[in-house]
J.: 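My structure is below; once you've seen it, I'll send some questions.
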2 protein chains.
Amino acid sequence: MATAEVLPERKVYRVHREKQLCRILESAERLFDERGIDRVTMAEIVSAAGLRPSTLYQYFSSKDDIVWALVRQTMERSALRIQSTVEKAHGLALDRISALMEGLTEQLVKWPEEVRFMAQFDALYARDWSAERLLSPEAELFPDGFTHLTTLIHEGIADGSLRADLDPQISMHAALNAAVATQRRLASLGSRVEAEYGQPVERLFREATRVILQGLSAQ
Amino acid sequence: MATAEVLPERKVYRVHREKQLCRILESAERLFDERGIDRVTMAEIVSAAGLRPSTLYQYFSSKDDIVWALVRQTMERSALRIQSTVEKAHGLALDRISALMEGLTEQLVKWPEEVRFMAQFDALYARDWSAERLLSPEAELFPDGFTHLTTLIHEGIADGSLRADLDPQISMHAALNAAVATQRRLASLGSRVEAEYGQPVERLFREATRVILQGLSAQ
DNA sequence: TTCAAATTCGAATGAATAGTACGAATTTCA
DNA sequence: TGAAATTCGTACTATTCATTCGAATTTGAA
């Protein structure tokens with residue numbers, strides 16, 4: 001009692017645990033995408049991951065735990081990918097916004113399951129997620145905070161690439177939100193879109209971002 | 001066997017049944033919005049409607065039945081409301097599109113729970129809905145079919161209100177889809193949007209539609 | 001008021017489900 | 001090789017769920 005106890009320094013097989021964690025998350029992600037988050041049971045995840053129930057509970061204490069881990073992972077991944085796309089872009093503000101849209105397109109085409117998962121998150125979890133738990137997707141995209149977006153508008157007006165009548169406080173938020181919303185809805189509807197509109201998802205999304213960019217552009 | 005049996009002409013207390021049906025659907029709608037479709041149990045719907053389980057099953061054979069009835073009802077209602085908004089609009093194609101966007105705004109502001117419900121539908125049910133079961137939201141809006149949208153672009157280019165470089169085959173689909181997607185995502189995120197962007201949902205949505213319209217507009 | 005049929009109720013059933021507990025077997029890695 | 005970390009196997013509890021069935025109640029027409 002007199003001296004602080006040294007923490008047990010519990011030994012752990014880190015690489016092994018990391019791999020198991022991955023197995024579980026991958027299985028869960030696939031199942032969530034195939035059947036919807038709320039319809040997937042722990043037992044299914046267990047057997048998809050090739051484990052026993054008691055083992056799974058060594059890693060996650062509930063399905064919600066798994067969901068949140070996946071959300072975090074997915075957001076981080078997609079933020080990194082899109083950031084790297086955007087970083088390559090220089091020049092006019094409009095071009096940088098265009099690069100951002102291109103990043104969203106790439107994600108939609110290459111990792112539609114991720115986008116679908118985030119769409120489920122939007123519709124089901126976003127409303128009662130606690131702020132501490134997670135940054136918003138946009139915040140994840142722009143670590144400097146939303147001032148970055150506001151600045152972008154200012155720069156664009158200054159360099160003549162964006163319309164002068166845009167409102168720095170909200171235009172960029174609105175445009176980005178519209179793009180993300182469109183991306184996620186198209187991912188969710190998937191082949192149904194193609195059947196009804198007779199156009200591939202990618203084409204429709206590109207056209208949507210083109211319209212949005214056109215709406216921001218100076219001429 | 002020789003003669004066809006006359007159908008029993010089963011007697012039914014129509015007005016009573018209609019009222020009960022309403023009770024059930026209203027209770028279910030509220031619960032679905034509060035807690036998410038897949039997390040609501042039959043027992044909850046039952047008690048929210050003030051019935052016994054066995055009574056509910058006289059009206060709906062499963063939760064899916066209830067969901068689909070609600071989807072149909074919600075789509076019909078919103079399509080009617082928006083149609084009436086659009087019908088009042090005349091003149092340039094751009095103005096008619098603008099009226100459509102205004103209709104979406106009104107719906108978002110006045111009946112956000114309906115929009116949230118449809119957002120859940122998009123994310124969870126849309127992928128495996130059978131075409132016979134339901135028209136798409138856009139098809140519901142435009143009974144004449146999608147040719148209407150294509151025509152609208154043609155007219156807009158002709159009357160000089162829309163950009164000449166739009167693609168009649170997809171521009172309008174893309175714009176409408178973007179607007180609907182934005183509307184549903186904003187409804188889902190709700191107060192979270194306001195907390196993070198510091199702007200009311202309505203303001204953000206109006207700005208998004210403004211950008212989209214600007215992107216379609218000739219100058 | 002009466003009566004048959006429509007509707008509701010009460011109670012019960014069986015199936016899934018989440019989550020736990022613990023000792024034995026297996027794997028990891030120093 | 002050996003100690004410890006991890007998994008397995010199994011069994012168990014308790015809950016929640018959807019659904020059914022026959023009895024009771026209510027309805028509306030005569």
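Naming convention: chains lettered A, B, ... in sequence-line order (proteins, then strands); numbering from 1 in each chain. Given the structure is predicted, the values throughout are model-derived calculations rather than measurements.
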J.: Which of residues 34-54 of chain A have a heavy atom under 4.0 Å from DNA chain C?
T.: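 Residues of residues 34-54 of chain A under 4.0 Å from DNA chain C: A:T41, A:M42, A:A43, A:S54.
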J.: Given C:dT7, is OP1 or OP2 found less than 4.0 Å from the side-chain N or O atoms of B:T55?
T.: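 No.
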J.: Enumerate the protein-to-nucleotides 25-30 of chain D contacts in which both atoms are nitrogen or oxygen and the separation is below 3.5 Å.
T.:
unit_1	atom_1	unit_2	atom_2	d
D:dT27	O2	B:Y13	OH	2.9

J.: For the pair made of CG in B:L31 and C1' in D:dC17, what is the distance, rounded to whole Å?
T.: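 In whole Å, D:dC17 C1' and B:L31 CG are 16 Å from each other.
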J.: Under a 3.5 Å distance rule, please check whether B:E207 uses its side chain to pair with a backbone N or O of A:A174 as donor and acceptor.
T.: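 No, B:E207 side chain to A:A174 backbone: no donor-acceptor pair under 3.5 Å.
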J.: Parallel, tilted or perpendicular: which one describes the rings of A:F117 and A:F32, with boundaries at 30° and 60°?
T.: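 Ring orientation, 0 to 90° scale: parallel.
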J.: Tell me: CG of A:L56 to P of C:dT17, nearest whole Å?
T.: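 Distance check: A:L56 CG to C:dT17 P gives 15 Å.
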J.: First locate atom CZ of B:R116, then atom CD of B:E29, and finally report the distance between them rounded to the nearest 0.5 Å.
T.: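 Answer for the CZ-CD pair, B:R116 versus B:E29, is 10.0 Å.
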J.: Whole angstroms only, please: what is the CD-C1' distance between A:Q20 and C:dT28?
T.: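 Value for this atom pair: 12 Å.
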J.: Counting any heavy atom closer than 4.0 Å, what does A:F60 reach on the DNA or RNA strands: base, sugar-phosphate only, or nothing?
T.: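 Answer is nothing: A:F60 stays at 4.0 Å or more from every strand.
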J.: So, A:S61 side chain and A:Y57 main chain: donor-acceptor pair closer than 3.5 Å or not?
T.: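 No; judged by distance alone, with no hydrogens or angles, the pair does not exist.
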J.: Any side-chain N or O of A:Y57 under 4.0 Å from OP1/OP2 of D:dT7?
T.: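 For D:dT7, OP1/OP2 do not have a side-chain N/O of A:Y57 under 4.0 Å.
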J.: May I ask you to say whether B:E44 pairs ionically with B:R35, meaning some side-chain N is under 4.0 Å from a carboxylate O?
T.: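 A salt bridge links B:E44 with B:R35.
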J.: Hey, is the side chain of A:R17 poking within less than 4.0 Å of OP1 or OP2 on D:dA5, counting only N and O atoms?
T.: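 Negative; the distance criterion is not met.
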J.: With a distance cut-off below 6.0 Å to the six-membered ring centre and an angular limit of 45° from the axis, does A:R72 pair with A:F121 as a cation-pi contact?
T.: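 Not flagged: A:R72 not positioned over aromatic ring of A:F121.
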J.: How long is the line joining CZ of B:R23 and P of C:dT7, in whole Å?
T.: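 Those two atoms, CZ and P, are 15 Å apart.
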J.: May I ask you to evaluate whether A:Q58 reaches the phosphate of D:dA5, defined as a side-chain N or O under 4.0 Å from OP1 or OP2?
T.: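 Checking D:dA5 against A:Q58, no side-chain N or O comes under 4.0 Å of OP1 or OP2.
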J.: When rounded to the nearest 0.5 angstrom, what is the spacing between CG in B:L166 and CE in B:M172?
T.: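 Rounded to the nearest 0.5 Å, the CG-CE separation comes to 10.0 Å.
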J.: Looking at B:D167 and A:R203, does any basic side-chain N land under 4.0 Å from a carboxylate oxygen?
T.: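 A salt bridge links B:D167 with A:R203.
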J.: Distance to the ring centre below 6.0 angstrom and angle to the axis at most 45 degrees; does that hold for B:R81 and B:W111?
T.: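 Verdict for B:W111: a cation-pi partner in B:R81.
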